[in-house]
> 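Provided herewith is a single structure, encoded as structure tokens, for subsequent inquiry.
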Amino acid sequence: MVSVKAYLGSIFYMTDDPAVVAVPDCYRYVADGMLIVEGGIITAIGAQRELEENLPKSAEVFDHTGSMITPGFIDTHIHFPQLDMIASFGEQLLDWLDRYTFPEEAKFSDPAHAKECAEFFLNELLRNGTTTALIYGTVHKQSVEALFEEAFARNMRIVAGKALMDRNVPEAVRDTAETSDRDNRELIARWHGKGRLGYAITPRFAPACSDEQLTMAGKLLGEHPDVLMHTHLSENVSEIDWVKDLYPTAKDYLDVYDRFGLLTDRSVFAHCVHLEGEEFQRMAERGAAISYCPTSNLFLGSGLFNLKEAEKYGVDVGLGTDVGAGTSFSLLQTMNEAYKVCHLRGHKLDAFKSFYLATLGGAKALNMADKVGSLEVGREADFLVLDMHSTPLLSRRLKHASTVEETLFVLSMLGDDRAISHTYVAGVCQHRKG
Ligand code: GUN
Ligand code: ZN
């Protein structure tokens, strides 16, 4: 018999994009709530006093009264091999890649190193309340093998892929169109759809992939109808100039990916800081998604993403930490910087939209909103527990918060990994603070 588990606390989740469905119809908040989970799936959610009457005596009850339960965070863009060079000083994208990133990624030819990093990395995601992520491996097949093995052991909903990079990069991190085709096929056959895992075809970015390799990537994507495509786009001005030199006849950077069949409703493009209106429109028409990575865009001096423009054209957007160019695993800290970037762009990013981007918006971007990103009945029970007293300042400030929106906003400004007291994956506690 499937055991019944019940979780108590205030419960909050987004039901829609506040840019499309106005407040209060875009969220649900239950002050004294109960979430009921059977076999890792949410079977009921509502007021404790209404649901507890019918709870079987055998149900296990987890009491988080005083804390807030929200969906697990979704990180739509992160690099697992960049743990040991996060916070590297002084360079913008292209020099940062050459000076710090590629030498670090070369170490992942060693499966023992990959395994140790994968363990730390996934535990760090969980410590920060992140239950789903779209993840870059290195060029080495064994880096992704190690990551999938560890994610499978934790039953996490993770999508990852081996980086494709066969030109303009050091030999130690270079593949070929032929070897990357073989490696991708083997990885898809072995891992895609195993447990809660999924595969993403992952060209590093256009300047690091030959035409032959991008052609192969497009073909592979066409052959595997539920595999994702994950890459970088229009992050940095020098990068964009380089792409113009490499593809003088392309309409723009997005057109380069489009030429190879990589602009689809399963495509996720990180950054998109310097997109033009027409590019947003083409992305919306094709159903492609953007990963907005504010801590990275500030750290590398890349620029200020235009969220309003993405909203105007109706492009799906999620939040990405982009560790190690991003400076925090915490989606709360990522919301904090997203707010400031929007402020500099002249608009106000409210807390409902921030939490939407970090949960349901991310799930939509990864084509998995029917599985995760909210706490609706039938969804997988990935959620976190927010400790409203995790620091003296947070505790003090929250006493003066009079609405859910204000509470969420304060959490997004003052909260970080310390605010995540528990992380549940398919109803099982995978992280408990302290
Ligand atoms: N563009 C190509 N590779 C990378 C990377 O590793 N990080 C970021 N931020 N941008 C990239
Ligand atoms: Zn990145």
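Nothing fancy with the numbering, it's 1 onward along the sequence.
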> Checking the side chain of Arg28 only, and the main-chain atoms of Thr15 only, is there a donor and an acceptor separated by less than 3.5 Å?
no
> Show the numbers, then the answer: is there a side chain to side chain contact (heavy atoms under 4.5 Å, CB included) between Val169 and Glu105?
CA-CA 11 Å; Val169 295; Glu105 293 196 5; over 6 Å; no
> Run Glu235 and Cys293 through side chain to side chain contact (heavy atoms under 4.5 Å, CB included) and show every step you take.
CA-CA 10 Å; Glu235 174 178 6; Cys293 305; over 6 Å; no
> Side chain to side chain contact (heavy atoms under 4.5 Å, CB included), that's the test. Do Met216 and Ser180 meet it? Break it down for me.
CA-CA 9 Å; Met216 177 284 289; Ser180 59; 3.2 Å; yes
> Under a 3.5 Å threshold, yes or no: a donor from one side chain and an acceptor from the other, between Asp63 and Thr65?
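Yes, because at least one side-chain N or O of Asp63 sits under 3.5 Å from a partner of the opposite role on Thr65.
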> Going by atom types only, do Gln333 and Thr295 share a side-chain donor-acceptor pair under 3.5 Å?
no
> Does Arg397 pair with Glu406 as a salt bridge, N-O distance under 4.0 Å?
yes
> Looking at Glu285 and Arg282, does any basic side-chain N land under 4.0 Å from a carboxylate oxygen?
no
> Should the pair Lys312 and Phe280 be classed as cation-pi, given the thresholds of under 6.0 Å to the six-membered ring centre and 45° from the axis?
no
> I'd like to know whether the aromatic ring centres of Phe80 and Phe108 sit less than 6.0 Å apart in this structure.
yes
> Check each of Leu93, Val273, Leu97 against Glu239 using the side-chain contact (heavy atoms from CB on, under 4.5 Å) test, and report the only one that passes.
Leu93
> Does the side chain of Lys364 come within less than 4.5 Å of Tyr356's, by heavy atoms?
yes
> Between Asp258 and Arg286, does any side-chain N to carboxylate O distance fall below 4.0 Å?
yes
> For a side chain to side chain donor-acceptor pair (under 3.5 Å) with Asp382, tell me which candidate from Lys371, Arg196, Arg157 qualifies.
Arg196
> Examine the side chains of Ser330 and Asp416 and answer whether a donor and an acceptor come within less than 3.5 Å of each other.
no
> In terms of ring plane angle, is the pair Phe12 and Tyr29 parallel, tilted or perpendicular, where the classes change at 30° and 60°?
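Rings of Phe12 and Tyr29: tilted, as their planes differ by 30° to 60°.
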> With a 4.0 Å cut-off on N to O distance, would you call Arg345 and Glu309 a salt bridge?
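Salt bridge absent between Arg345 and Glu309.
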> State plainly whether the residues Glu52 and Arg49 are in salt-bridge range, i.e. N to O under 4.0 Å.
no
